[in-house]
Amino acid sequence: MTKSKLVVLISGSGSNLQALLDACEAGTLPAKILLVVSNKASAYGLRRAESRRIPTAIFKRRKNVDRRDYDEELGRFIAALEPDWVILAGWMHLLSMNFLRYFPGRVVNLHPALPGQFPGTHAIERAFEAFRQGDIEQTGIMVHVVPDEGVDDGPVLATEIVPIEPDDTLEALEQRIHATEHRLLVETVRRLISGELHPG
Ligand code: GAR
(Lines give C-alpha, C1' and ligand atoms only; values in the text may rest on other atoms or scores of the structure.)
Protein backbone atom coordinates (compact mmCIF):
# COMPACT_ATOMS: atom_id res chain seq x y z
CA MET A 1 0.00 0.00 0.00
CA THR A 2 1.43 3.44 -0.91
CA LYS A 3 1.90 5.63 2.08
CA SER A 4 0.00 8.86 2.43
CA LYS A 5 2.24 11.94 2.43
CA LEU A 6 1.90 14.32 5.36
CA VAL A 7 3.33 17.71 6.18
CA VAL A 8 2.96 18.61 9.86
CA LEU A 9 2.93 22.21 11.11
CA ILE A 10 3.84 22.91 14.72
CA SER A 11 4.69 25.85 16.98
CA GLY A 12 5.69 24.19 20.23
CA SER A 13 6.34 20.98 22.12
CA GLY A 14 5.15 18.70 19.34
CA SER A 15 3.79 15.92 21.53
CA ASN A 16 1.08 15.33 18.92
CA LEU A 17 3.71 15.26 16.22
CA GLN A 18 5.45 12.63 18.34
CA ALA A 19 2.28 10.54 18.35
CA LEU A 20 2.18 10.73 14.54
CA LEU A 21 5.89 9.89 14.27
CA ASP A 22 5.47 6.89 16.58
CA ALA A 23 2.44 5.61 14.69
CA CYS A 24 4.26 5.94 11.33
CA GLU A 25 7.24 4.09 12.73
CA ALA A 26 5.09 1.37 14.30
CA GLY A 27 3.27 0.92 10.99
CA THR A 28 -0.14 1.63 12.53
CA LEU A 29 -0.43 4.79 10.41
CA PRO A 30 0.31 4.15 6.71
CA ALA A 31 1.90 7.56 6.22
CA LYS A 32 5.21 9.25 5.66
CA ILE A 33 5.93 12.65 7.16
CA LEU A 34 7.66 14.56 4.39
CA LEU A 35 8.41 17.65 6.41
CA VAL A 36 7.79 19.30 9.76
CA VAL A 37 7.43 23.08 9.64
CA SER A 38 7.59 25.36 12.67
CA ASN A 39 7.03 29.10 12.82
CA LYS A 40 9.20 29.17 15.96
CA ALA A 41 12.88 28.22 15.96
CA SER A 42 12.66 27.16 19.62
CA ALA A 43 9.83 24.63 19.07
CA TYR A 44 10.86 21.37 20.74
CA GLY A 45 8.91 19.47 18.08
CA LEU A 46 11.72 20.26 15.64
CA ARG A 47 14.09 18.16 17.79
CA ARG A 48 11.55 15.32 17.84
CA ALA A 49 11.46 15.33 14.02
CA GLU A 50 15.24 15.56 13.68
CA SER A 51 15.75 12.61 15.98
CA ARG A 52 13.66 10.55 13.52
CA ARG A 53 15.57 12.05 10.57
CA ILE A 54 12.49 13.84 9.26
CA PRO A 55 13.28 17.05 7.33
CA THR A 56 12.39 20.24 9.17
CA ALA A 57 11.93 23.87 8.18
CA ILE A 58 11.66 26.99 10.28
CA PHE A 59 9.29 29.41 8.65
CA LYS A 60 9.28 32.48 10.81
CA ARG A 61 7.17 35.48 9.84
CA ARG A 62 9.28 38.60 9.79
CA LYS A 63 7.59 41.65 11.32
CA ASN A 64 7.57 43.65 8.10
CA VAL A 65 6.01 40.82 6.07
CA ASP A 66 2.25 40.92 5.54
CA ARG A 67 0.55 37.84 6.97
CA ARG A 68 -1.08 37.02 3.62
CA ASP A 69 2.25 37.18 1.81
CA TYR A 70 3.75 34.90 4.46
CA ASP A 71 0.88 32.46 3.99
CA GLU A 72 1.28 32.53 0.21
CA GLU A 73 5.00 31.78 0.46
CA LEU A 74 4.43 29.00 2.99
CA GLY A 75 1.64 27.50 0.87
CA ARG A 76 3.74 27.50 -2.28
CA PHE A 77 6.70 25.98 -0.42
CA ILE A 78 4.62 23.12 1.01
CA ALA A 79 2.55 22.57 -2.16
CA ALA A 80 5.77 21.85 -4.05
CA LEU A 81 6.08 18.68 -1.95
CA GLU A 82 2.60 17.55 -3.04
CA PRO A 83 1.40 16.32 0.36
CA ASP A 84 -1.87 14.44 0.67
CA TRP A 85 -2.62 16.06 4.02
CA VAL A 86 -1.39 19.07 5.95
CA ILE A 87 -1.77 18.53 9.68
CA LEU A 88 -1.87 21.47 12.09
CA ALA A 89 -0.60 19.92 15.34
CA GLY A 90 -0.32 22.85 17.71
CA TRP A 91 0.28 25.37 14.91
CA MET A 92 -0.46 28.78 16.42
CA HIS A 93 -0.76 31.03 13.39
CA LEU A 94 -4.12 31.68 11.73
CA LEU A 95 -3.84 30.68 8.07
CA SER A 96 -5.54 32.77 5.39
CA MET A 97 -6.90 31.59 2.05
CA ASN A 98 -3.54 32.47 0.50
CA PHE A 99 -2.32 29.28 2.16
CA LEU A 100 -5.52 27.24 2.33
CA ARG A 101 -6.35 27.53 -1.38
CA TYR A 102 -3.39 25.27 -2.15
CA PHE A 103 -4.90 22.40 -0.13
CA PRO A 104 -8.71 22.51 -0.34
CA GLY A 105 -10.22 20.03 2.12
CA ARG A 106 -6.75 18.77 2.97
CA VAL A 107 -5.79 20.89 5.98
CA VAL A 108 -6.66 19.25 9.31
CA ASN A 109 -6.50 21.00 12.68
CA LEU A 110 -6.45 19.67 16.20
CA HIS A 111 -7.97 21.78 18.97
CA PRO A 112 -8.18 21.04 22.71
CA ALA A 113 -11.86 21.92 23.11
CA LEU A 114 -15.23 20.81 21.76
CA PRO A 115 -16.66 22.45 18.60
CA GLY A 116 -17.63 26.05 19.20
CA GLN A 117 -16.02 26.19 22.65
CA PHE A 118 -12.87 28.12 23.55
CA PRO A 119 -11.46 28.79 20.07
CA GLY A 120 -7.98 30.30 19.92
CA THR A 121 -5.16 30.09 22.42
CA HIS A 122 -5.20 28.81 26.05
CA ALA A 123 -8.32 26.70 25.42
CA ILE A 124 -7.53 24.26 28.25
CA GLU A 125 -6.96 27.02 30.82
CA ARG A 126 -10.21 28.70 29.76
CA ALA A 127 -12.16 25.42 30.02
CA PHE A 128 -10.66 24.77 33.46
CA GLU A 129 -11.67 28.23 34.62
CA ALA A 130 -15.19 27.81 33.16
CA PHE A 131 -15.50 24.52 35.09
CA ARG A 132 -14.45 26.25 38.32
CA GLN A 133 -17.06 28.92 37.70
CA GLY A 134 -19.70 26.19 37.23
CA ASP A 135 -20.27 27.09 33.57
CA ILE A 136 -19.31 23.70 32.08
CA GLU A 137 -19.22 20.14 33.44
CA GLN A 138 -16.85 18.61 30.92
CA THR A 139 -14.61 19.59 28.06
CA GLY A 140 -13.15 17.75 25.11
CA ILE A 141 -11.11 17.86 21.95
CA MET A 142 -11.78 17.95 18.25
CA VAL A 143 -10.17 17.33 14.90
CA HIS A 144 -11.60 19.29 12.00
CA VAL A 145 -10.98 20.36 8.44
CA VAL A 146 -9.85 23.96 7.94
CA PRO A 147 -11.88 25.40 5.04
CA ASP A 148 -11.31 29.09 5.70
CA GLU A 149 -10.01 31.66 8.17
CA GLY A 150 -12.42 30.70 10.97
CA VAL A 151 -10.54 30.18 14.23
CA ASP A 152 -10.54 26.50 15.25
CA ASP A 153 -13.68 26.06 13.20
CA GLY A 154 -14.68 23.90 10.25
CA PRO A 155 -16.22 20.54 9.33
CA VAL A 156 -15.71 18.26 12.31
CA LEU A 157 -13.96 14.94 11.70
CA ALA A 158 -13.86 13.67 15.27
CA THR A 159 -14.57 14.79 18.81
CA GLU A 160 -14.05 13.21 22.18
CA ILE A 161 -15.37 14.34 25.53
CA VAL A 162 -12.78 14.70 28.28
CA PRO A 163 -14.18 14.70 31.82
CA ILE A 164 -13.05 17.24 34.41
CA GLU A 165 -12.80 15.85 37.93
CA PRO A 166 -13.74 18.06 40.91
CA ASP A 167 -10.23 17.80 42.39
CA ASP A 168 -8.39 18.27 39.08
CA THR A 169 -5.49 20.64 38.85
CA LEU A 170 -4.91 22.41 35.56
CA GLU A 171 -1.88 20.16 35.01
CA ALA A 172 -3.94 17.01 35.54
CA LEU A 173 -6.56 18.20 33.05
CA GLU A 174 -3.87 19.16 30.54
CA GLN A 175 -2.35 15.71 30.80
CA ARG A 176 -5.71 13.98 30.30
CA ILE A 177 -6.48 16.17 27.29
CA HIS A 178 -3.09 15.64 25.67
CA ALA A 179 -3.25 11.86 26.12
CA THR A 180 -6.68 11.88 24.46
CA GLU A 181 -5.41 14.11 21.64
CA HIS A 182 -2.47 11.83 20.88
CA ARG A 183 -4.84 8.91 20.36
CA LEU A 184 -7.63 10.76 18.53
CA LEU A 185 -5.33 12.63 16.12
CA VAL A 186 -3.60 9.44 14.98
CA GLU A 187 -6.90 7.60 14.70
CA THR A 188 -8.54 10.40 12.70
CA VAL A 189 -5.63 10.74 10.27
CA ARG A 190 -5.68 6.95 9.84
CA ARG A 191 -9.41 7.06 9.01
CA LEU A 192 -8.88 9.91 6.53
CA ILE A 193 -6.09 8.02 4.81
CA SER A 194 -8.14 4.84 4.56
CA GLY A 195 -11.07 6.78 3.06
CA GLU A 196 -13.29 5.81 5.97
CA LEU A 197 -13.73 9.51 6.74
CA HIS A 198 -14.36 12.17 4.13
CA PRO A 199 -13.11 15.71 4.62
CA GLY A 200 -16.33 17.59 3.97
C1 GAR B 1 -2.45 20.82 21.51
O2 GAR B 1 -3.17 20.75 22.71
C3 GAR B 1 -3.36 21.31 20.40
O4 GAR B 1 -4.66 20.86 20.49
C5 GAR B 1 -3.28 22.80 20.60
O6 GAR B 1 -1.91 23.04 20.85
C7 GAR B 1 -1.40 21.93 21.59
C8 GAR B 1 -0.08 21.51 20.99
O9 GAR B 1 0.55 20.56 21.78
N10 GAR B 1 -3.76 23.53 19.47
C11 GAR B 1 -4.47 24.65 19.58
O12 GAR B 1 -4.70 25.20 20.64
C13 GAR B 1 -4.97 25.22 18.26
N14 GAR B 1 -5.80 26.35 18.52
P15 GAR B 1 1.83 19.78 21.24
O16 GAR B 1 2.79 20.84 20.66
O17 GAR B 1 2.42 19.09 22.43
O18 GAR B 1 1.36 18.83 20.18
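Whatever order the structure lists ligands and atoms in, that order sets their numbers, starting from 1. Keep in mind that this is a model prediction, so the values were computed, not measured.
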Could you list the donor-acceptor pairs under 3.5 angstrom formed between side-chain atoms of residues 157-164 and any protein atom two or more places apart in sequence or on another chain?
| unit_1 | atom_1 | unit_2 | atom_2 | d |
| --- | --- | --- | --- | --- |
| Glu160 | OE1 | Arg183 | NH1 | 3.1 |
| Glu160 | OE2 | Arg183 | NH1 | 3.4 |
| Glu160 | OE2 | Arg183 | NH2 | 2.8 |

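- Defined by atom type and a distance below 3.5 Å, a donor-acceptor pair is missing between the side-chain atoms of Arg48 and Ser15.
- Every residue meeting the side-chain hydrogen bond (donor to acceptor under 3.5 Å, both in side chains) condition with Asp168, not counting sequence neighbours, appears here in chain and number order: Arg176.
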Could you list each nitrogen or oxygen of ligand 1 that sits under 3.5 Å from a protein nitrogen or oxygen, with the atom names and the distance?
| unit_1 | atom_1 | unit_2 | atom_2 | d |
| --- | --- | --- | --- | --- |
| ligand 1 | 2 (O) | Glu181 | OE1 | 2.8 |
| ligand 1 | 2 (O) | Glu181 | OE2 | 3.1 |
| ligand 1 | 4 (O) | Pro112 | N | 3.4 |
| ligand 1 | 4 (O) | Glu181 | OE2 | 2.4 |
| ligand 1 | 14 (N) | His111 | ND1 | 3.1 |
| ligand 1 | 14 (N) | Asp152 | OD1 | 3.0 |
| ligand 1 | 14 (N) | Asp152 | OD2 | 3.0 |
| ligand 1 | 16 (O) | Ser13 | N | 3.4 |
| ligand 1 | 16 (O) | Gly14 | N | 2.7 |
| ligand 1 | 17 (O) | Ser15 | N | 2.9 |
| ligand 1 | 17 (O) | Ser15 | OG | 2.6 |
| ligand 1 | 18 (O) | Ser15 | N | 3.3 |
| ligand 1 | 18 (O) | Asn16 | N | 2.9 |
| ligand 1 | 18 (O) | Asn16 | ND2 | 2.8 |

Could you pull out all donor-acceptor pairs under 3.5 Å where a side-chain atom in residues 91-98 meets a protein atom, sequence neighbours excluded?
| unit_1 | atom_1 | unit_2 | atom_2 | d |
| --- | --- | --- | --- | --- |
| Trp91 | NE1 | His93 | O | 3.0 |
| His93 | NE2 | Asp71 | OD1 | 2.8 |
| Ser96 | OG | Asp71 | OD2 | 2.6 |
| Ser96 | OG | Asn98 | N | 3.4 |
| Asn98 | ND2 | Arg68 | O | 3.1 |

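- A 4.5 Å side-chain heavy-atom check between Val108 and His144 finds every atom pair outside the cut-off.
- The closest side-chain heavy-atom distance from Asn39 to Arg61 is not below 4.5 Å.
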